[in-house]
Amino acid sequence: MDSKHVHRDTLMIHTGHDPHEHHDSLAMPLYQTSTYVFPDAATGAARFAGEQEGNIYSRLTNPTVRALEERITALEKGEGALAFGSGMAAVSAVLTYATRAGDHILATRGIYGCTFGLLAIMNDKYNITHDLIRMWTEEEIEAAVKPETKVIYIETPVNPTMEIADLQAAVNVARRHGLTVIVDNTFSSPYIQNPLELGADFVLHSATKYINGHGDVIAGLLIGADAEKITELRMTVQKDYGGIISPFDAWLLLRGLKTLAVRMERHTANAGRVIEYLKSEPMVREVHYPYDADHPQAPIARRQMSAGGGIFSFTIDGGLREAQEFMDSLSLIKIAVSLGDAESLIQHPWTMTHSGVPEEDRAAMGISDGLLRFSAGLEHPDDLIADLQAAFASMKKHAAAPAGE
Ligand SMILES: *Cc1c(COP(=O)(O)O)cnc(C)c1O
């Protein structure tokens with residue numbers, strides 16, 4: 001199959017697996033093995049010497065994992081990929097690979113909490129410093145570059161404010177200064193946004209989210225624009241730090257990926273329907289969604305994303321108490337962090353995902369105590385709206401009740 005001319009919808013079903021190489025099995029088999037048997041001593045020696053292709057040990061290669069890596073490489077239009085045991089294992093591997101002591105990292109403000117934690121560790125232990133900035137324009141990125149800057153690390157849309165970083169602007173600045181651009185593409189999935197095509201060097205995913213899509217795996221994927229760098233990563237940081245994926249989780253991700261296109265279309269459609277309803281609800285103050293006409297960076301979002309995706313946030317009238325009461329009044333929609341699952345999930349960044357961010361930083365980022373993040377699932381949209389309507393109705397009844405009741 002010529003992956004350059006086949007649509008992503010098709011690649012996500014077929015790439016990386018030839019049934020006739022695996023006893024004609026339609027599904028990629030699960031190679032649940034730790035090690036591989038060399039037919040003779042000379043073959044073992046040749047594989048270790050790198051003179052012969054072949055499996056040695058599953059921390060290095062595994063056929064099920066390799067199929068997943070080939071599939072995600074095709075979807076992101078990269079030259080190679082590595083699978084990890086979590087999204088954070090992918091983040092820590094690529095940041096370790098791309099920096100050394102004394103370097104500086106420019107990252108989008110509002111990055112994922114554990115990535116923020118990792119930057120703090122790198123700062124404390126290896127004197128790798130960072131600045132968290134807005135990346136709305138080329139000028140503001142350019143102005144933040146220091147002589148020791150080596151990496152631009154981007155999340156877009158940013159959680160939970162759905163702020164957009166301009167990928168093309170970041171790539172332009174990086175080209176001028178010889179920097180490595182790394183993009184965490186978890187919120188969009190490869191179906192909606194493809195940063196390698198815009199010139200990024202690495203893209204990563206918490207495959208826990210949309211790529212698996214079923215809320216039952218923790219995993220990460222890293223895709224590179226340069227095959228040699230991916231091989232070097234495989235044989236150094238990934239091999240020696242060891243944060244690999246299990247063959248079974250890779251097998252589940254291969255299964256999940258087959259439906260990514262249809263899932264992303266439904267997630268996006270459901271988000272649209274729910275947002276339309278929320279905008280008509282008097283207790284909702286504002287909605288943040290990249291494709292919304294009111295979003296301050298909607299033109300950038302429309303340039304680099306093919307759809308708005310399934311995640312948005314909104315603020316409700318009041319603050320902490322109202323936000324908590326609202327969540328507790330829902331029944332179909334589940335209170336949980338994570339995103340991209342079949343189930344619609346709601347969470348409260350102020351007390352959950354962003355509770356560790358200093359209060360003044362939260363304010364600067366636009367995270368208030370009335371903000372809620374919503375990951376639209378795959379349920380019928382009318383049922384989601386009915387659940388939200390019932391929750392607002394119960395709050396209004398409660399608010400109207402005489403004091404003391
Ligand atoms: C969940 C998430 C991560 C971390 O991934 P894990 O699979 O939980 O380790 C990183 N970045 C983003 C944007 C995420 O949502």
Side-chain angles (χ1 to χ4, degrees), residues 65 68 72 76 81-96 105 107-122 130 132 135 151 153-165 167 182-193 195 200 202-223 238 241-246 248-250 252-253 256-257 264 267 288 290 305 309-313 336-341 343 345-349 352-357 365 367 373-377:
V65 174
L68 171 66
I72 194 69
E76 285 287 15
L82 300 170
F84 291 86
S86 72
M88 285 317 302
V91 176
S92 54
V94 71
L95 283 178
T96 301
I105 298 170
T108 38
R109 65 178 190 178
I111 49 171
Y112 185 71
C114 301
T115 303
F116 183 74
L118 175 66
L119 290 180
I121 293 174
M122 292 174 77
H130 60 264
L132 302 175
M135 298 197 192
V151 167
Y153 185 91
I154 302 172
E155 271 179 42
T156 179
V158 153
N159 179 28
T161 55
M162 306 310 286
E163 184 171 303
I164 302 290
L167 290 172
I182 303 168
V183 181
D184 180 336
N185 203 24
T186 301
F187 268 42
S188 296
S189 91
Y191 193 62
I192 285 182
Q193 181 169 271
F202 292 100
V203 168
L204 63 92
H205 291 275
S206 168
T208 311
K209 317 290 169 51
Y210 283 119
I211 287 177
N212 179 53
H214 294 74
D216 48 17
V217 170
I218 301 268
L221 293 167
L222 174 69
I223 308 94
Q238 193 189 38
Y241 277 49
I244 54 142
I245 194 171
S246 78
F248 180 55
D249 286 349
L252 285 171
L253 294 188
L257 267 177
M264 292 314 294
H267 285 301
H288 309 281
M305 300 168 76
I311 304 159
F312 62 89
S313 58
V337 296
S338 200
L339 52 100
D341 294 328
E343 296 83 357
L345 306 177
I346 196 164
Q347 67 106 355
H348 184 236
M352 296 177 187
T353 51
H354 291 69
S355 53
V357 178
M365 283 161 52
I367 302 173
R373 187 190 74 192
F374 195 95
S375 169

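All values below were derived from every heavy atom in this structure, side-chain atoms included, with hydrogens, water molecules and symmetry-related copies excluded. Both counts, for ligands and for their atoms, begin at 1 and track the order of listing.
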* Minimum heavy-atom separation for Ser92 to Leu118, with atom names? -> CA-CD2, 3.6 Å

* Structure fact -> Minimal heavy-atom distance between Val217 and Thr208, with the atoms involved, is O-CG2, 3.2 Å

* Asked: Do the ring planes of Phe116 and His130 sit parallel (below 30°), tilted (30 to 60°) or perpendicular (above 60°)?
  -> perpendicular

* Can you tell me if His267 uses its side chain to pair, donor with acceptor, with the backbone of Ala376 under 3.5 Å? -> yes

* To do: Ignoring hydrogens and angles, tell me if any N or O in the side chain of Thr156 forms a donor-acceptor pair with the backbone of Ala165 under 3.5 Å.
  => yes

* Asked: Where is the tightest heavy-atom contact between Tyr210 and Phe187, given as atom of each residue plus distance?
  -> CE1-O, 3.3 Å

Please give the N or O to N or O pairs under 3.5 Å between ligand 1 and the protein, distances rounded to 0.1 Å.
unit_1	atom_1	unit_2	atom_2	d
ligand 1	5 (O)	Ser206	OG	3.0
ligand 1	7 (O)	Gly87	N	2.9
ligand 1	7 (O)	Ser206	OG	2.8
ligand 1	7 (O)	Thr208	OG1	2.7
ligand 1	9 (O)	Gly87	N	3.0
ligand 1	9 (O)	Met88	N	2.9
ligand 1	11 (N)	Asp184	OD2	2.7
ligand 1	15 (O)	Lys209	NZ	2.8

